[in-house]
Amino acid sequence: MKETLDFFAKNLIDWYLDNKRDLPWRSTKDPYFIWLSEIILQQTRVAQGTPYYLAFTSAFGDVKSLAAAPQQKVLKLWQGLGYYSRARNLHIAAKYVANELDGRFPSTYKGLLQLKGVGDYTASAVGSICFDLPTAVVDGNVYRVLSRLFGIATPINTTQGIKDFKSLAQQLLDTSQPGTYNQALMEFGARFCVPQNPNCAQCIFKYKCDAYKNKQVANLPVKLKKVKVKKRYFNYIVILSENGNTVLQQRTEKGIWQQLYEFPLVETTHLVAQDALCKEIQFDHISTLYDLDTLTLFRENAVVHKLSHQHLYTRFWIAQTKSKLPKGIPVDDIDQYAVPVLISNFISEFEGFK
DNA sequence: AACTCGGGGTG
DNA sequence: CACCCAGAGTT
């Protein structure tokens, strides 16, 4: 068994050293930078996350700098990356490390787990890369590589699957260089043992891979099907006053986009025409707060903004008003607020803001 | 154990 | 269109 482990780890790491990408966070073992990169890369492709990593490291050179920033600055830098709880938890964890630990990250697995937004994967990654802790990472790449190599059909999104793959990954870990090994395994999954149409004929493990030998590569890993998406109907009221102000509101309730800004929103159960929307507004606090004169639809066809679990059928309505807006903000200032991509797309398309 | 949380890339 | 991405937190 030990020979098998050594064979796997040695060949994997040799492949890694020949094929690894030169990524910005691979030139340091500073836990601040490694932690930051790992949070950004949760459920996020390297290509998408890299510009954000560079922006954050440029804005905040250390954890105390990040901790001292206002939340809105953090959210604005995070804008467009999605899963915004990561940004909120990142900030909470930074303040904890800066204020309670004097800027020094925990150097144990259990200590790292205490940080908001740090779960088993991230604690294992930071621990192994920064502190040489013998903690195996299990991310989407690891599930795929190990399920194929060992022909394991246990669904990866079940309690049993999570337990089994973590256990296997831990057995396989090269404890003499856990950080390099962990990154090698993930890199191999990301660059070679890819989800669709992997180049198995050229794989260094083709004679060891259970899935390849049994023609099960396309069927692994197994994942239980997820719930269907819900449809929602959003009507954003883009208020324009004669003195060049508009209104943004912060989302404070649970659900999507917590703490981000948007135009006043009227959600309906179906796509509505203008007269129906006006009636909806009559019962909404918007009409009591603002004296709207005209309401015109920006575009007839609703924008369908697709999230993982929701499809947002969205229309923007332009409302002119002569009244001075309570809590109005200058139109020129809207780009200072952190907004969902759905809103930023509209802002860049709407000529009334230019 | 099931749900929720984004946005974008891929075939 | 379905699936996936260097997962974590809540219910």
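Labels below follow one simple rule: chain letters A, B, ... track the order of the sequence lines, proteins then strands, and each chain is numbered from 1. Keep in mind that what you see is a predicted model, and the values were worked out from it rather than measured.
- As rounded to the nearest Å, C:dA8 and B:dG9 have P atoms that lie 24 Å from one another.
- As judged by a 4.0 angstrom heavy-atom cut-off over every strand, A:Asp120 is placed among residues touching the sugar-phosphate backbone only.
- Within 4.0 Å (heavy atoms only), A:Arg26 reaches at least one base atom of the nucleic acid.
- Toward the 5′ end of DNA chain B lies the nearest nucleotide of A:Gln160, the other residue of the pair A:Lys230 and A:Gln160 mapping further downstream.
- In this structure, A:Val142 reaches neither bases nor backbone, as no heavy-atom distance under 4.0 Å exists between it and the strands shown.
- Inspection of the A:Gln160 and A:Asp164 side chains reveals an N or O donor paired with an N or O acceptor under 3.5 Å.
- Contact of the A:Tyr261 side chain with the A:Gln336 side chain is not registered, since no non-hydrogen atoms from C-beta on lie closer than 4.5 Å.
- The side-chain contact (heavy atoms from CB on, under 4.5 Å) test with A:Leu41 singles out one residue from A:Tyr53, A:Tyr52, A:Trp25, and that residue is A:Trp25.
- More than 12 heavy atoms of other residues, nucleotides or ligands shown are found within 6.0 angstrom of NZ on A:Lys166.
- Only the P atoms considered, C:dA6 is 25 Å distant from B:dC3, to the nearest whole Å.
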Candidate pair A:Lys10 and A:Asp14, rule salt bridge (Lys or Arg N to Asp or Glu O under 4.0 Å), full reasoning: CA-CA 6 Å; A:Lys10 182 183 188 320; A:Asp14 284 349; 2.8 Å; yes

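- Both A:Leu115 and A:Pro221 lie near DNA chain C, and the one whose nearest nucleotide falls closer to the 5' end is A:Pro221.
- Nucleic acid contact class of A:Trp25 (heavy atoms, under 4.0 Å, all strands): base.
- Among the atoms of the strands shown, none is found under 4.0 Å from any heavy atom of A:Ile156.
- One P atom belongs to C:dG9, the other to B:dG8, and the distance between them is 24 Å to the nearest Å.
- Bracketed by its first and final contacts, the part of DNA chain C lying under 4.0 Å from non-hydrogen atoms of chain A reaches from C:dC1 to C:dT11 in 5' to 3' order.
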Protein-to-nucleotide contact annotation, 5' to 3' order, nucleotides 5-11 of chain B [B base; S sugar-phosphate only; - none; under 4.0 Å, heavy atom]: BBBBB-S

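- No contact: A:Thr158 has no heavy atom under 4.0 Å from any strand.
- Within 6.0 Å of the NZ atom in A:Lys213, the count of heavy atoms belonging to other residues, nucleotides or ligands exceeds 12.
- Looking at A:Val137 and A:Leu185, their side chains never come closer than 4.5 Å, going by heavy atoms from C-beta outward.
- Under the 4.5 Å side-chain criterion, counting only non-hydrogen atoms from C-beta, A:Asp291 is not in contact with A:Lys322.
- Taken from CD in A:Gln250 to CD in A:Gln258, the straight-line distance is 10.0 Å, to the nearest 0.5 Å.
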